[in-house]
Amino acid sequence: MRPALSTAALALILMSPSFCADKEINGDWIGGYERNGNWILFRTHFEGPPDQLGGNLDFLNGSSGISLLEGSVADGSIHFRVTSGPRDVTFDGKQDSTGIRGTARGKAGWTGPFQLTRNFRLNRRELQEYTGVYQTDENRTIFVDLWDGLGSDELVTISQAGEVRTIYSTDRDKFFAGPTVALPTSVESRISFQRDRSGSIISMTWGRGADPSWTAKRTKFENQEEVRFRSRDVELAGTLRSPLDNKKHPAIILVHGSGPENRDWLLPYARFLVRQGFAVLGYDKRGVGASSGAWKLAPFEDFAGDAAAAFEYLKTRADIDPKGIGLLGISQAGWVMPLAAERAKDIAFLISVSGPGIPVAQTNLDELSNEMRMVGTDPGLIAEIVKLTEVSYRFAQTRDNWEEYLTLRQALMKRGAVPESNFPADPNDPTWNYMRQVYFRDPGEAIRNLRMPVLAIFGGLDNNVLPEKNRAAWEAALRDGKNMDYSLLVLPKANHLILEARAGTSAEIPTLQRFVPEYFSIVSGWLATRFTSDDATR
């Protein structure tokens, strides 16, 4: 559903001096266009004379550096075109007091609205300055962090109730937020940050439509320490967050999902536990940020070794209870954490969020078919792509049927139906060996060996890790292994990221509102029954 501004919010924006119509189109803008009920988000930079308007466009979480074609601007009207792979979209719009609005037209014949808002570009280091914990006089807490789960180099606010908003800069210390998690196509809220005489940020003020604005002061919420530790030949860098007291604390190690995740990627899933007396260690995945090594094509054993190395490091610290160190991870971590527990057998507990209990190949096929079906992909095309994927898996396992694979691949490549990088054209590509090592292993064996308390949470609307199938796999393995303390829960409205969803597709994520509230109480309550207040503060 396309979100709309309330009448009061629109009136406030139109009256705002900072939103007078820009005569100058050149510069940076952020927004997106709607197709089939989903928003495709992008940033664009306009430059050049009106009759030869040029620039480039970056799709958020997608391809970047795409040159604008056919650009022109006259009397506030703007026209440009973008082509990238199968995407061929023409934009015609007008600039008004809220930004640039108009119609996007696809070469395939579809049309949809588009909207852009002026964007003041800040780099990651500059955005980092705003991160921290803010608290109102009414004891409302807001976390401001760089959460790459919603896009690279995006500043995100998360309330203690789990409401999430990406905030986009319009000037130094000035930002706006849309009406949902990450939708910069309309303006719902205005956010400003205040500084003291030394230039340090001391507070933030939030105004939403016609509602009274509120101010939150930056507060010292936790100790933060930059740490480094080794995992064989790899040095891992991270941040240890701990309560402000000088007591010994139990600790949680954050274990990554797939992709190039940094030390802060899982913070929204565990930072609230610092207030319950837990230290939280997040580290950059090998090959990411300040960590050495490489994550691409690394087997799960390498990631498990990294988590085990973090565990061994924490046991050496005088401020950490060595008998209270556990793991919390999302998605791919469901395969990794049980392997880490085989190496570090005195891990105190394991919390899996959207973690699979079946092999990678099965999980990938589930996600592929479900995502395409739910965004309206032609059933015949779905069948062809699934067939290509299955044939590619057979080749990875057996080294047979290469010609069949190549024929299917070439047919879909000609139609632009699948990313070329996902399906190697060379039978000797290292991806095949990686798939053979990783994709077909049954994770049940490692899960059966778990002897510590286990909490596994699944999203009822997860299109990637199907909840009932994976819950059943975890339960069968834990029961066969005679684990005496496990809880397996499906949260009905949660998607893969545990955001409160409608359908569960990746495409709808920008239009959601918050984490499912019960996630926080479930994790807190489960830990509270295993760590008394004395345990968590000693």
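Remember, predicted model here, so these are calculated numbers, not experimental data.
Side-chain contact of Arg165 with Gln513: a donor-acceptor pair under 3.5 Å is present, judged by distance alone. Donor-acceptor pairing under 3.5 Å is lacking for the side chains of Thr180 and Thr511. A donor-acceptor contact under 3.5 angstrom links the side chains of Asp306 and Ser231, judged on distance only. Side chain to side chain, Asn483 and Arg451 fail the donor-acceptor criterion of an N or O pair below 3.5 Å. Residues Asn139 and Gln135 have side chains that bring a donor and an acceptor to within less than 3.5 angstrom of each other. Looking at Arg263 and Thr239, their side chains do bring a donor and an acceptor atom within 3.5 Å of each other. Side-chain atoms of Thr185 and Trp39 include no donor-acceptor pair closer than 3.5 Å. Side-chain polar atoms of Asn262 and Asp148 form a donor-acceptor pair below 3.5 angstrom.
Taking 4.5 Å as the limit, some side-chain heavy atom of Asn463 sits within range of a side-chain heavy atom of Met374. With contacts defined as side-chain heavy-atom distances shorter than 4.5 Å, the pair Leu350/Leu450 qualifies.
Arg118 has no carboxylate O lying under 4.0 Å from a charged side-chain N of Asp28, or vice versa, which leaves the two without a salt bridge. Using a cut-off of 4.0 Å between Lys/Arg side-chain N and Asp/Glu carboxylate O, Glu222 and Arg241 are scored as salt-bridged. Salt bridge annotation for Glu445-Arg448: absent, with no cationic side-chain nitrogen under 4.0 angstrom from a carboxylate oxygen. A salt bridge does not link Asp346 with Lys323: none of the charged nitrogens is closer than 4.0 Å to a carboxylate oxygen. With respect to the salt-bridge test (charged N to carboxylate O, under 4.0 angstrom), the residues Arg195 and Glu129 qualify. A salt bridge does not link Arg43 to Asp58: none of the charged side-chain nitrogens sits closer than 4.0 Å to a carboxylate oxygen. For the pair Asp485 and Arg530, the salt-bridge criterion is met [side-chain N within less than 4.0 Å of a carboxylate O]. One finds a salt bridge joining Arg317 and Glu225 here, because a Lys/Arg side-chain nitrogen approaches an Asp/Glu carboxylate oxygen to under 4.0 Å.
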What's the verdict on side-chain hydrogen bond (donor to acceptor under 3.5 Å, both in side chains) for Gln194 and Ser203, showing C-alpha distance, side-chain angles and the deciding distance? CA-CA 5 Å; Gln194 295 79 44; Ser203 60; 2.6 Å; yes
Please walk me through it: do Leu314 and Leu281 pass side chain to side chain contact (heavy atoms under 4.5 Å, CB included)? CA-CA 9 Å; Leu314 287 181; Leu281 172 62; 4.0 Å; yes
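Note that CZ of Phe143 is 12.5 Å distant from OH of Tyr134, once rounded to the nearest 0.5 Å. Going from atom CD of Glu508 over to atom CG of Leu499 covers 9.5 Å, rounded to the nearest 0.5 Å.
Relative orientation of the Phe303 and Phe300 rings is tilted, given thresholds of 30° and 60° on the angle between their planes.
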